[in-house]
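For the single chain, residues carry numbers from 1 onward in sequence order.
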Amino acid sequence: MSDWLENHLPKVVLAPSFIAILIFVYGFIGWTAWVSFTRSKLLPRYELKGTIQYEKLMASPRWDTAMDNLFIFGALFIVIAMVLGLMLAIFLDQQVRTEGVIRTIYLYPMALSMIVTGTAWKWILNPGLGLEATVRGWGFETFTFDWLVNPDYALYTVVIAAVWQSSGFVMALFLAGLRSVDGEIIKAAQVDGIPTWRIYTAIIIPSMAPIFLSAFIVLAHLAIKSFDLVIALTGGGPGYATDLPATYMYAMAFSRGDIGQAASSAMIMMAVVFTIVVPYLYSELRAKND
């Protein structure tokens, strides 16, 4: 008995977690996929009706708006967070005296939940309470910063808040990558008289391609599943100006009582995630096998 327990103890310990994941993750993914092919409304129905929910989804102007917003938000969020994170990492790589303090300051937002971030930035960007009111209190009566309530600019407030929270994480990734580069190569380049900026652009940064890819995957995943930040900051408004697929799915499931639409939108979101993650995993596995 003791020999059997010793040989199978890892399986026994992992079995509950494996079963829970199998049921509550993959089981519910399968359930969602099934419901997306039904006419489910407030309560689920299990009689398959083809792709009617997907056809309805693709014909929905609100869904088109949500996908357009996701493209704009995702592109700006990923690019700005990566550029800002890289600049901060290069700055800290110069061995500045206050590196520990600066690194802590920029990593701190990652310790906050998206709800806290959204609420804080909602106060900061509120025209009657935050930045606009403060600047006007300084005597600049004509100063205006109403992006939070302006449908044309509200989406950019979500970008600002998301970049503020995630750029520190990207900085940490890039800083680790910068300091993993072989120092002998850098010293040889310096001996040859190559300028520092050229060393970074021609030697260091190109060698960090896997880290750039990892940062892109993480940020893209955060962009696609953004929900709590939008809900806390704008609630998807004004109107549908900051509506994203995740908020659309929530609205369909819990506000409109349309589970079929929510399920179909969830499956589209999962397909988008797969199109990003699967090639990355394939490249990683292929690199290890080679």
Side-chain angles (χ1 to χ4, degrees), residues 41-42 53-54 56-81 84 109 112-138 140-167 219-269 272-273:
K41 286 293 185 179
L42 183 60
Q53 294 291 356
Y54 292 93
K56 181 180 176 182
L57 183 68
M58 296 306 166
S60 171
R62 182 175 177 181
W63 175 254
D64 290 340
T65 300
M67 291 299 291
D68 291 341
N69 288 342
L70 176 61
F71 177 78
I72 296 171
F73 166 71
L76 292 175
F77 168 55
I78 293 171
V79 171
I80 296 174
L84 185 59
L112 303 177
S113 69
M114 286 289 190
I115 290 291
V116 174
T117 298
T119 302
W121 278 96
K122 185 175 183 178
W123 292 340
I124 294 171
L125 299 175
N126 188 307
L129 300 174
L131 181 63
E132 181 178 311
T134 301
V135 175
R136 288 190 176 187
W138 291 343
F140 300 94
E141 297 294 338
T142 59
F143 178 80
T144 302
F145 194 86
D146 61 348
W147 285 15
L148 189 64
V149 296
N150 188 328
D152 295 328
Y153 297 101
L155 185 61
Y156 304 116
T157 64
V158 183
V159 174
I160 292 172
V163 168
W164 178 81
Q165 182 163 41
S166 302
S167 57
L219 293 176
H221 177 256
L222 290 175
I224 293 170
K225 74 185 188 78
S226 292
F227 168 76
D228 38 6
L229 177 63
V230 178
I231 291 298
L233 183 57
T234 64
Y240 299 137
T242 58
D243 208 18
L244 295 177
T247 58
Y248 177 92
M249 178 185 65
Y250 178 85
M252 291 298 109
F254 299 103
S255 299
R256 300 291 184 87
D258 195 340
I259 296 178
Q261 271 293 280
S264 61
S265 61
M267 297 308 298
I268 294 295
M269 289 174 59
V272 174
V273 172

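Note: N126 CG to D146 CG = 11.0 Å, rounded to the nearest 0.5 Å. Note that the CG atom of L222 and the CD1 atom of I224 stand 9.5 Å from one another [nearest 0.5 Å]. Between F77 atom CZ and L229 atom CG the span is 9.0 Å, to the nearest 0.5 Å. Between K122 atom NZ and T234 atom OG1 the span is 8.5 Å, to the nearest 0.5 Å. The line from CZ of R256 to CZ of R62 is 5.5 Å long, rounded to the nearest 0.5 Å. I268 CD1 to Y54 OH: the interatomic distance, rounded to the nearest 0.5 Å, is 6.0 Å.
Around the CZ atom of F143, the shell of radius 6.0 Å holds more than 12 heavy atoms that belong to other residues, nucleotides or ligands. In the displayed structure, Y156 atom OH is contacted under 6.0 Å by at most 12 heavy atoms of other residues, nucleotides or ligands. Within 6.0 Å of CZ in F145 there are more than 12 heavy atoms belonging to other residues, nucleotides or ligands.
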Next item on the list: Test side-chain contact (heavy atoms from CB on, under 4.5 Å) on N69 and F73 and set out the steps.
Entry: CA-CA 6 Å; N69 288 342; F73 166 71; 5.7 Å; no
Checklist line | Test log, rule side-chain contact (heavy atoms from CB on, under 4.5 Å), inputs E132 and L125 | finding: CA-CA 7 Å; E132 181 178 311; L125 299 175; over 6 Å; no
Margin query: side-chain contact (heavy atoms from CB on, under 4.5 Å) for L131 and W147? Distances and angles first, verdict last.
Written below: CA-CA 11 Å; L131 181 63; W147 285 15; over 6 Å; no
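When all heavy atoms of Q53 and Q261 are compared, the pair lying nearest together is O-NE2, 2.8 Å. For A266 against M249, the heavy-atom pair with the smallest separation is CB-SD, 3.3 Å. Across all non-hydrogen atoms, the minimal contact from D258 to K56 is OD2-NZ, 3.0 Å. P245 and A66 make their closest contact through CD-O, 3.4 Å (heavy atoms, listed as atom of the first residue, atom of the second, distance). Smallest separation of non-hydrogen atoms from L233 and A161: CD2-CB, 4.2 Å. Closest of all the heavy-atom pairs between L155 and A241 is CB-O, 4.1 Å.
With a 4.5 Å cut-off on side-chain heavy atoms, S166 and L219 count as touching. At a threshold of 4.5 Å between non-hydrogen side-chain atoms, the residues Y248 and M252 count as touching.
Taking T247 as the reference, D243 meet the side-chain hydrogen bond (donor to acceptor under 3.5 Å, both in side chains) condition, with sequence neighbours excluded.
One N or O on the side chain of T117 and one on the backbone of S113 form a donor-acceptor pair closer than 3.5 Å.
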